[in-house]
Amino acid sequence: MTRLLDTITCPADLRRLSQPQLEQLAAEIRELIVESVTTHGGHLGSNLGVVELTLAIHRVFDSPRDILLWDTGHQAYVHKMVTGRADDFATLREAGGLSGYPSRTESEHDWVENSHASTILSYAHGLATAQASSAVGEGRRVVAVIGDGSLTGGMAFEGLNNIGHSGRDCIIILNDNGRSYAPTVSRLGETLARIRSNPVYMRRQARLERALQDVPLVGPQLERGLDATKAALREMWQPPAFFETLGVRYTGPFDGHDIPALEEALRNAAAMGGPQVIHVLTHKGRGYGPAENDPVKRLHDTSEAKPGSYTAAFTDALVAIAETHPEMVAITAAMPDSTGLLPFKARFPDRVLDVGIAEQHAVTAAAGMAMGGLRPIVAVYSTFLTRAIDQVNLDVGLHRLPVIFCLDRAGITGDDGPSHHGVLDMVLLTKVPGMTMFAPSSYQELGVMLNDAMAITDGPVAIRWAKTAARQAGPTEVGSGLSARQLRAGTDLCIISVGKMLDAAEAAADQLAADGVSVTLWDARVVKPLDDAMLADAARHPHVLTVEDGLRSGGVGAAIADEVSELSLGAPQPPRVRVLGIPDAYLPHGKPDAILAEVGLDAAGITASALSLIAAEQLDTPPV
């Protein structure tokens with residue numbers, strides 16, 4: 001039997017459907033979401049919660065002429081399905097397949113490739129300004145859906161403030177799933193919302209206000225009385241009039257699963273014009289029992305700290321250290337589960353702070369905590385810390401505060417694509433004066449490094465690790481302090497590996513040894529400051545190869561090359577140094593190992609680079 005979903009090739013197809021057909025379509029969409037995410041991974045609860053809302057938006061507005069924006073983009077699966085990509089969910093998050101976020105290369109219906117939250121209102125302000133321009137404006141409506149915690153980020157309020165100040169036509173849909181913003185709801189409040197969203201009512205209200213102003217002597221007082229009455233009703237029966245103080249009209253809340261009511265509200269907003277917020281209540285994980293019954297995140301996604309992972313190592317070490325360090329506190333930006341903090345929170349509930357999607361605030365708040373004598377641990381994804389690099393540098397680094405940054409998902413993360421790869425952390429953090437930065441190569445190393453970080457009190461520390469499974473190391477295979485660790489000694493080539501790249505580097509060293517190349521192998525362990533003994537040893541080799549899973553340009557390898565060059569000044573034949581790392585490009589989604597192999601960072605690629613480095617010198621050597 002043909003699914004109704006199979007007949008939807010574009011948003012226009014939705015407008016011919018009856019209400020029973022829309023209900024059937026919603027059920028089919030939820031079934032496809034569950035099937036796709038359980039097979040390929042991705043974001044489940046957030047997409048299950050926006051099915052009816054997305055259908056209503058696409059029935060009222062004319063995408064792609066009307067500009068539909070999503071914050072964050074992980075809630076756009078339904079949008080993708082009704083814009084002709086339902087069949088592509090068979091390849092969700094696979095290399096060369098459908099992205100888990102909006103993608104401008106996939107469809108003209110996708111505008112912003114965003115997975116970093118709280119940005120969409122700034123995009124909306126800019127697009128609304130362009131549409132109002134006499135030079136380029138085409139009268140296209142701008143509709144921004146923001147939710148799933150995005151409103152906790154300060155940038156969202158900056159955008160909201162500027163939208164209100166501009167007075168531009170812009171419809172903001174606040175998708176409230178109870179995870180960030182939960183106002184009081186009542187029947188009278190719903191009635192007032194429906195009335196206030198009606199353009200006929202608003203025009204009549206405007207005429208009444210003008211009439212009151214014209215009443216001799218007492219007109220201004222009567223108008224103020226009307227304003228006071230409306231304000232009292234808003235404060236009594238609706239959320240505080242926060243939005244309207246910024247110049248943005250507020251209507252709602254509306255049931256986010258009632259398509260006819262949503263369509264009415266959206267049509268009224270389109271007719272009214274100006275900046276508006278439509279407040280919609282949705283249920284994250286709706287229609288799927290395991291998601292609805294998940295008390296932590298409504299199965300927001302399918303990620304978790306896996307046994308034997310670097311994240312699990314962090315969790316174990318953090319809880320153990322905290323037992324003897326009552327001053328330790330942990331801070332996260334809306335990700336206590338994915339960063340491994342939930343066991344810590346269960347053991348020390350008063351020592352975890354989740355600040356919402358507010359990385360800048362998290363870092364500066366940590367600075368204040370450190371000033372007050374606490375030892376803050378900031379646990380965040382590598383890619384998200386880059387949003388707060390100014391705070392790391394000037395609020396923490398400048399004051400030499402002992403804040404410890406624990407960066408999960410460093411390096412190539414894989415399925416979530418270019419916005420989630422953590423390839424900038426070493427480039428940026430190694431430039432912060434006084435920063436100490438660790439890169440563990442094993443489960444056991446991470447625990448040692450967190451202990452060592454606690455002993456550093458004269459400046460910030462960062463520890464970065466990958467999403468992938470961690471190497472298991474024996475007692476004699478773990479370093480200590482700020483020293484690098486030498487795994488083997490040779491004379492022809494020195495390989496210096498950073499973090500998780502040690503497995504590939506060691507496999508390459510084995511292959512090179514089999515090919516007759518005498519190899520020295522170092523695990524750098526600490527990428528700032530670099531170990532002097534490791535650098536001196538590298539400088540005695542004719543060839544040096546560095547391997548890291550961060551950006552090649554300006555990264556750790558570049559710093560090693562610079563130091564080796566300084567140590568080799570005046571040498572008759574200074575070492576040739578080759579730096580291997582991530583290219584200066586936005587890498588698409590795919591499996592981490594496949595992406596690393598594609599850029600030459602697997603064992604075969606490292607071996608080939610080493611052999612070509614050695615061969616290049618032999619070609620340059622003049623015959624005797």
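Computation of the quantities below employed the complete heavy-atom set of this structure, encompassing side-chain atoms and omitting hydrogens, waters and symmetry-equivalent molecules.
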Colleague: Roughly how far apart are Leu266 CG and Phe254 CZ, rounded to 0.5 Å?
Modeller: 8.5 Å
Colleague: If you measure only the distance, is there a donor-acceptor pair under 3.5 Å linking the side chains of Arg85 and Thr83?
Modeller: yes
Colleague: For this output row, return yes or no: ring centroids of Trp465 and Phe314 closer than 6.0 angstrom.
Modeller: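 Yes: the rings meet the under 6.0 Å criterion.
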Colleague: Could you tell me which non-hydrogen atom of Phe89 sits nearest to which non-hydrogen atom of Met81, and how far apart they are?
Modeller: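 Distance-wise, the nearest heavy atoms are CE1-CG, 3.5 Å.
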Colleague: Going through the checks in order, is the side-chain contact (heavy atoms from CB on, under 4.5 Å) test met by Thr129 and Arg168?
Modeller: CA-CA 7 Å; Thr129 300; Arg168 306 289 189 205; 4.2 Å; yes
Colleague: Roughly how far, to the nearest 0.5 Å, is CG of Leu53 from NE2 of His58?
Modeller: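 Rounded to the nearest 0.5 Å, the NE2-CG separation comes out at 10.0 Å.
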Colleague: Which heavy atom in Ile120 sits nearest to a heavy atom in Ala144, and how many Å separate them?
Modeller: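 The pair with the smallest heavy-atom distance is CG2-CB, 4.0 Å.
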Colleague: Ring centres of Tyr381 and His116 under 6.0 Å apart?
Modeller: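 Between His116 and Tyr381, which both carry aromatic rings, the centre distance is not below 6.0 Å.
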Colleague: Just verifying a value: how many Å separate Leu22 CG and Leu14 CG, rounded to the nearest 0.5 Å?
Modeller: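 Output value for this atom pair is 7.5 Å.
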Colleague: For Glu598, is the CD atom crowded, meaning more than 12 foreign heavy atoms sit under 6.0 Å from it?
Modeller: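 Count not over threshold, so no.
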Colleague: If you measure from OG on Ser46 to CH2 on Trp70, what distance do you get to the nearest 0.5 Å?
Modeller: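 Interatomic distance, Ser46 OG to Trp70 CH2, rounded to 0.5 Å: 11.0 Å.
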Colleague: Salt-bridged, Glu106 to Lys80, with N to O below 4.0 Å?
Modeller: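 The answer is yes: the pair qualifies as a salt bridge.
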Colleague: Would the distance check show the side chain of Asn161 and the main-chain N or O of Phe157 forming a donor-acceptor pair, the cut-off being under 3.5 Å?
Modeller: no
Colleague: Quick check: do Ile146 and Ile173 have side-chain heavy atoms less than 4.5 Å from each other?
Modeller: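 Side-chain contact under 4.5 Å: no.
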Colleague: Regarding His109 and His79, is there a side-chain donor-to-acceptor distance under 3.5 Å anywhere?
Modeller: no
Colleague: Are more than 12 heavy atoms from other residues, nucleotides or ligands located less than 6.0 Å from atom CZ of Arg3?
Modeller: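 Yes, the 6.0 Å shell around CZ holds more than 12 heavy atoms from other groups.
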Colleague: Out of curiosity, His165 NE2 to Leu160 CG, how far, rounded to the nearest 0.5 Å?
Modeller: 13.5 Å
Colleague: Examine distances only and state if a side-chain atom of Arg15 and a backbone atom of Arg59 form a donor-acceptor pair shorter than 3.5 Å.
Modeller: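 Indeed, once roles are kept as given, a pair shorter than 3.5 Å links the two residues.
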Colleague: Under the 3.5 angstrom rule, does the side chain of Asp169 hit a backbone N or O of Gly274 as a donor-acceptor pair?
Modeller: yes
Colleague: Say whether, by atom type as modelled, one donor and one acceptor occur between the side chain of Arg104 and the main chain of Trp111 under 3.5 angstrom.
Modeller: yes
Colleague: Pairing donors with acceptors under 3.5 angstrom, does anything connect the side chains of Ser103 and Asp110?
Modeller: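 On atom types as modelled, these side chains do not qualify, holding no pair under 3.5 Å.
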Colleague: Any chance you could measure Leu98, atom CG, to Leu92, atom CG, to the nearest 0.5 Å?
Modeller: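 Leu98 atom CG to Leu92 atom CG measures 5.5 Å (nearest 0.5 Å).
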Colleague: Is there side-chain contact between Val145 and Ile172, with at least one heavy-atom pair below 4.5 Å?
Modeller: no
Colleague: If you define the side chain from C-beta out and look only at heavy atoms, does anything of Leu121 sit under 4.5 Å from Ile163?
Modeller: yes
Colleague: Counting C-beta onward and ignoring hydrogens, is there a side-chain heavy-atom pair between Thr7 and Arg16 closer than 4.5 Å?
Modeller: yes
Colleague: Restricting to non-hydrogen atoms, name the atom on Ala124 and the atom on Cys170 that form the minimum distance, rounded to 0.1 Å.
Modeller: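 In terms of heavy atoms, the two residues are closest at CB-SG, 3.8 Å.
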Colleague: Any idea which heavy atoms bring Thr119 and Met155 closest together, and the distance?
Modeller: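 Smallest interatomic distance, heavy atoms only, reads CG2-SD, 4.0 Å.
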Colleague: Would you say Tyr123 has more than 12 foreign heavy atoms packed within less than 6.0 Å of its OH?
Modeller: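 It does not: Tyr123 OH has 12 such atoms or fewer within range.
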Colleague: Please assess Thr332 against Asp354 for the test side-chain hydrogen bond (donor to acceptor under 3.5 Å, both in side chains), listing each intermediate value before the final yes or no.
Modeller: CA-CA 5 Å; Thr332 189; Asp354 185 348; 5.5 Å; no
Colleague: In terms of heavy-atom contacts, does CG of Asp6 have more than 12 from other residues, nucleotides or ligands at under 6.0 Å?
Modeller: yes
Colleague: Are the side chain of Asp13 and the backbone N or O of Thr9 linked by a donor-acceptor pair below 3.5 Å?
Modeller: yes
Colleague: Asp549: what forms a side chain to side chain donor-acceptor pair (under 3.5 Å) with it, not counting sequence neighbours?
Modeller: Arg464
Colleague: Contact between Val143 and Asp66 at the side-chain level, heavy atoms closer than 4.5 Å - yes or no?
Modeller: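 Val143 does not reach Asp66 side chain to side chain.
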Colleague: Between Leu5 and Leu32, is the side-chain contact (heavy atoms from CB on, under 4.5 Å) condition met? List the steps.
Modeller: CA-CA 10 Å; Leu5 179 57; Leu32 180 56; 3.7 Å; yes
Colleague: On a heavy-atom basis, which atom in Ala56 and which in Glu263 lie closest, and how many Å separate them?
Modeller: CB-CG, 4.0 Å
Colleague: Is there a donor-acceptor pair under 3.5 Å between the side chain of Thr91 and the backbone N or O of Glu94?
Modeller: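 Checked: no pair found.
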Colleague: Just by distance, do the side chain of Thr152 and the backbone of Gly149 share a donor-acceptor pair under 3.5 Å?
Modeller: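 Yes.
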Colleague: Taking the side chain from Gln21 and the backbone from Ser18, do they hold a donor-acceptor pair closer than 3.5 Å?
Modeller: yes
Colleague: With side-chain contact (heavy atoms from CB on, under 4.5 Å) as the test, would you mind laying out the steps for Leu281 and Asn177 before giving the verdict?
Modeller: CA-CA 6 Å; Leu281 300 178; Asn177 55 36; over 6 Å; no
Colleague: Could you tabulate the donor-acceptor pairs under 3.5 Å formed by side-chain atoms of residues 413-420, not counting sequence neighbours?
Modeller:
from, atom 1, to, atom 2, distance (Å)
Thr413, OG1, His420, O, 3.3
Thr413, OG1, His421, ND1, 3.4
Asp415, OD2, Lys591, NZ, 3.3
Asp416, OD1, Arg93, NH2, 3.1
Ser419, OG, Ser115, OG, 2.3
His420, ND1, Ser115, OG, 3.2

Colleague: For Ala117, what residues pass the side chain to side chain contact (heavy atoms under 4.5 Å, CB included) criterion, not counting sequence neighbours?
Modeller: Asp71, Thr72, Ser150, Ile357
Colleague: Which atom pair, heavy atoms only, marks the closest approach of Ala469 to Tyr310?
Modeller: O-CE1, 3.8 Å
Colleague: Please evaluate residues Asn175 and Thr282 with respect to the criterion side-chain hydrogen bond (donor to acceptor under 3.5 Å, both in side chains), reporting the C-alpha separation (whole Å), side-chain torsions for both, the decisive distance (0.1 Å), and the verdict.
Modeller: CA-CA 7 Å; Asn175 172 25; Thr282 62; 2.5 Å; yes
Colleague: Check the pair Arg30 / Glu52 against salt bridge (charged side-chain N to carboxylate O under 4.0 Å, His left out), numbers first and verdict last.
Modeller: CA-CA 10 Å; Arg30 285 194 168 91; Glu52 289 83 5; 2.8 Å; yes
Colleague: Is it the case that the ring center of Tyr250 lies less than 6.0 angstrom away from the ring center of His279?
Modeller: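 When the ring centroids of His279 and Tyr250 are compared, they turn out to be within the sub-6.0 Å range.
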Colleague: Counting N and O atoms only, with roles assigned by atom type, does the side chain of Asp258 sit under 3.5 Å from a partner on the main chain of Ala261, one being a donor and the other an acceptor?
Modeller: yes
Colleague: Just so I know, are the side chains of Thr386 and Ile389 near enough to count as touching, which here means a heavy-atom distance under 4.5 Å?
Modeller: no
Colleague: Got a donor-acceptor contact below 3.5 angstrom from the Thr315 side chain to the Gly340 backbone?
Modeller: yes
Colleague: Would you indicate whether the side-chain heavy atoms of Ile171 and Val142 approach each other to under 4.5 Å?
Modeller: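 With C-beta onward as the side chain, the pair stays apart.
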Colleague: Determine whether Arg249 and Val277 satisfy the following criterion, side-chain contact (heavy atoms from CB on, under 4.5 Å), listing intermediate values before the conclusion.
Modeller: CA-CA 6 Å; Arg249 179 167 299 284; Val277 165; over 6 Å; no
Colleague: Is Glu23 atom CD crowded by more than 12 heavy atoms from other residues, nucleotides or ligands, each under 6.0 Å away?
Modeller: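 Atom CD in Glu23 is packed in, count exceeds 12.
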Colleague: Please examine the side chains of Tyr77 and Tyr101, heavy atoms only from C-beta on, and report whether any two atoms are closer than 4.5 Å.
Modeller: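 Counting from C-beta outward, Tyr101 and Tyr77 never come under 4.5 Å.
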